Asker: 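Pasting in a structure now, in structure tokens, and then I'll have a few things to ask.
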Amino acid sequence: MALQFKNTLTGKKEEFTPIEPGMVRMYTCGPTVYNYAHIGNFRTFMFEDLLRRYLLYKGYKVTQVMNITDIDDKIIRNSQKQGKKLREFTDPYTDAFFEDLDTLGIERAEIYPRATEHIDEMVAMIKTLADRGLAYEIDGNYYFKISAFNDYGKLAKLDLASLKPGARVASDEYEKESVSDFALWKAWDEKDGEIFWETEIGKGRPGWHLECSAMSMKYLGEHFDIHTGGVDNVFPHHENEIAQSEGCTGHQFVNYWLHAEHLIVEGKKMSKSLGNYFNLRDLMDKGYSGMAVRYVLLATHYRQQLNFTFHGLDAAAKALERYNDFIRNLESYDGGESDGSAGEIVETARSRFEEQLDDDLNISGALGAVFDLIRDINRLKADGKLSADEAESALELIRRFDTVLGFEMQQAGIEEEIEELIRQRTEARKNKDFATADKIRDELLSRGIVLEDTPQGVIWKRKV
RNA sequence: GGCGCCAUAGCCAAGUGGUAAGGCAGGGGUCUGCAAAACCCUUAUUCCCCGGUUCGAAUCCGGGUGGCGCCUCCA
């Protein structure tokens, strides 16, 4: 089966065909760096990581762009509150974002453009839109004229006439021809203080939607393959991006729009007032590993609302342990006598894994194939019916899967002191001094080291 | 009011017409000095409810019930 994605634009599952064979250009909406990103944000970034990794697995060359939004109302407000310059305020959160990506094992995109470094491109777009009659200016503010763009609403399936002015619209402080029109450029205001750019179209700052249009087209071209984000971005953000971009170029902007559902916590919408709002650092402080969080965020299909629970986090850690033990145990396996069944087990796992992921990234189905492989190979191993060569091919396969899953944990070395304790315990066991041996084992466990006595000797691992 | 999504075991979660994947948790065993890891057996006669279509429905259709999202800068 060929790779298929559910395309928000068409509402259908469609076969994926890149514009340029063998090459995928994708834009993934990134963080607004006014705070630490929360686990809901990372759910979306994790989905994008899966998408990226699977495209690479399939042999595509991938160019992924993720923007860093480092200018918006909240950033201005909070930076001023703290008496900091823009970059002084946003840089630490930008750094923290990249640290968090590493903690979660999320691969880096090729390009991370900052909005504040692309003002010229945005201004150029506004001028083009104005020339084409799609933008107008009032008191130094520039707005996109929705009524002049026929396709408006095609992504979100919104009928313009049905857009009712609501409370949020009424709160808009700017004058506009139509309440539905959105800001491309905001003229400088006293409240903006030192935050402004002097440009051909005046003194001010860009609207939010424009940066993604300007930066995606700069790095990926006027027409590219995939654009992703959270479901809340469908409207208005992505709808507006289409309007701006296609308004400028006069042709199709993006072929496939993919959107990740939201994460909820213990069955409820995550919110600060409910006390169920978590960023990654909160979870690390509670003693959970980045990998366990990775597993939880990855394991639910991206179009399914993900119910994040602490019980689920514990379950994820156990599942990861099984996965990593499988790899570790295969590595130290001496081999037995083949009964000839391993080859089919490996091939079945490979085809099921790919078939599931080809189907709109059905990760739950793919994980089913992975854990079936683990059970089936472990069974052969337990029965002594797995040869060393077969063990090697199973190991190769799971490592191949791991280029997509990213679950394998590197075992950092252990300190000399711990090695010494392990030696002492081995000695004690040799002398049948089990009381001492068990005491050392408990001591190591409390320090996060788990020991296993095998026929080949003692091995250790870190607790997940 | 408009558009859309969801409901499968104690928990998480696949499956969209051919007789219920997988993970976690629970119970019983094998192995082990004891563990750990691993393996075996076991845990949904049934998929929110009521009708209908069909040889056959968790899957399709109609009607309910319950939960959720978006409707102008929230991933």
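Residue numbers begin at 1 in each chain, while the letters A, B, ... track the order of the sequences. Quick caveat, the model's predicted, so the values are computed rather than measured.
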Asker: Taking CZ from A:Arg379 and C1' from B:C31, how many angstroms apart are they, rounded to a whole number?
Answerer: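 Atom CZ in A:Arg379 sits about 17 Å away from atom C1' in B:C31.
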
Asker: Please report the distance separating the P of B:U46 from the corresponding atom of B:C61, rounded so that it comes out in whole Å.
Answerer: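 The same atom, P, in both gives a distance of 24 Å.
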
Asker: For A:Asp359, does its backbone N or O pair with a side-chain atom of A:Gln4 as donor and acceptor, under 3.5 Å?
Answerer: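 No, because the side chain of A:Gln4 does not come within donor-acceptor range (under 3.5 Å) of the backbone of A:Asp359.
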
Asker: Examine the base of B:C74 for any acceptor or donor lying under 3.5 Å from a partner atom in the side chain of A:Asn233, and report the outcome as yes or no.
Answerer: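 It does not, because no donor-acceptor pair links the side chain of A:Asn233 to the base of B:C74 below 3.5 Å.
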
Asker: To the nearest Å, how far apart are A:Asp325 CG and B:A36 P?
Answerer: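 Whole-Å distance recorded here is 12 Å.
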
Asker: Using atom C1' of each nucleotide, how far apart are B:G18 and B:G2 to the nearest Å?
Answerer: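 That atom pair is separated by 40 Å.
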
Asker: Side chain of A:Arg425 only, heavy atoms from C-beta on: which candidate in B:G33, B:C70, B:A14 is closest?
Answerer: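 Per side-chain heavy atoms of A:Arg425, the pick is B:G33.
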
Asker: Can you check the distance between B:A21 and B:G27, where both ends of the measurement are the P atom (answer in whole Å)?
Answerer: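 About 24 Å, rounded to a whole number of Å.
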
Asker: For A:His237, which contact category applies under a 4.0 Å heavy-atom criterion: base, sugar-phosphate, or nothing?
Answerer: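 The answer is nothing, as A:His237 stays clear of every strand by at least 4.0 Å.
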
Asker: Report, as yes or no, whether the 6.0 Å neighbourhood of atom CD on A:Glu344 holds more than 12 heavy atoms from other residues, nucleotides or ligands.
Answerer: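 Atom CD in A:Glu344 is not packed in, count stays at 12 or less.
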
Asker: For RNA chain B, just give me the dot-bracket, please: Watson-Crick or G-U, both distances below 3.5 Å, ( ) intra-strand, [ ] crossing earlier pairs, | paired with another strand, . unpaired.
Answerer: ((((((((.[[[..)..(...]]].(((((.......))))).....[[[[[..)....]]]]])))))))....

Asker: Roughly how many Å apart are B:G62 and B:U53, using the P atom of each and rounding to a whole number?
Answerer: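 The answer is 15 Å between these two P atoms.
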
Asker: Would you please confirm or rule out a distance under 4.0 Å between OP1 or OP2 of B:C12 and any side-chain N or O of A:Asn307?
Answerer: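 Checking A:Asn307 against B:C12: at least one side-chain N or O falls below 4.0 Å of OP1 or OP2.
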
Asker: Among A:Asp72, A:Asp139, A:Asp73, find the one that has a salt bridge (charged side-chain N to carboxylate O under 4.0 Å, His left out) with A:Lys186.
Answerer: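 Per the salt bridge (charged side-chain N to carboxylate O under 4.0 Å, His left out) rule, the option paired with A:Lys186 is A:Asp73, out of A:Asp72, A:Asp139, A:Asp73.
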
Asker: I want to verify a distance call: between B:G10, B:A21, B:G33, whose nearest atom is closest to the A:His311 side chain?
Answerer: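 Given the options B:G10, B:A21, B:G33, the side chain of A:His311 is closest to B:G10.
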
Asker: Of the nucleotides B:A75, B:A14, B:A38, which has the atom closest to the A:His301 side chain?
Answerer: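 The listed nucleotide nearest to A:His301's side chain is B:A14.
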
Asker: A:Tyr295 pairs by ring-ring contact (aromatic ring centres under 6.0 Å, His included) with which of A:Tyr288, A:Tyr323, A:Phe407?
Answerer: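 For A:Tyr295, the ring-ring contact (aromatic ring centres under 6.0 Å, His included) test succeeds with only one of A:Tyr288, A:Tyr323, A:Phe407, which is A:Phe407.
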
Asker: Taking the C1' atom of each, how far is B:U65 from B:C12, in whole Å?
Answerer: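 The answer is 24 Å between these two C1' atoms.
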
Asker: Compute the ring centroids of A:Tyr256 and A:His227, then answer whether they are less than 6.0 Å apart.
Answerer: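 No, ring centres 6.0 Å or more apart.
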
Asker: State which residues pass ring pair (Phe, Tyr, Trp, His ring centres under 6.0 Å) with A:Trp197; sequence neighbours excluded, sorted by chain then number.
Answerer: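 Ring pair (Phe, Tyr, Trp, His ring centres under 6.0 Å) list for A:Trp197, sorted by chain: empty.
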
Asker: Nearest-nucleotide wise, let me know which of A:Arg43 and A:Ala435 is further upstream toward the 5' end of RNA chain B.
Answerer: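 Taking each residue's closest nucleotide, the earlier one in sequence belongs to A:Ala435.
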
Asker: Between B:A14, B:C74, B:A35, which one does the side chain of A:Asp453 approach most closely?
Answerer: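 That would be B:A35.
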
Asker: Are A:His38 and A:Tyr277 close enough that their ring centers fall under 6.0 Å?
Answerer: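 Distance test on ring centres: under 6.0 Å, yes.
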
Asker: Sticking with atom C1', work out how far B:C5 lies from B:U45, rounded to a whole angstrom.
Answerer: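 So the two C1' atoms sit 31 Å from each other.
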
Asker: Does A:Phe371 stack onto the base of B:G22, taking stacking as ring centres under 5.5 Å apart and planes under 30° apart?
Answerer: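 So no, this residue does not stack on that base, at least one cut-off failing.
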
Asker: With nearest nucleotide decided by heavy atoms, which residue, A:Arg322 or A:Thr454, maps closer to the 5′ end of RNA chain B?
Answerer: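 This one resolves to A:Thr454.
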
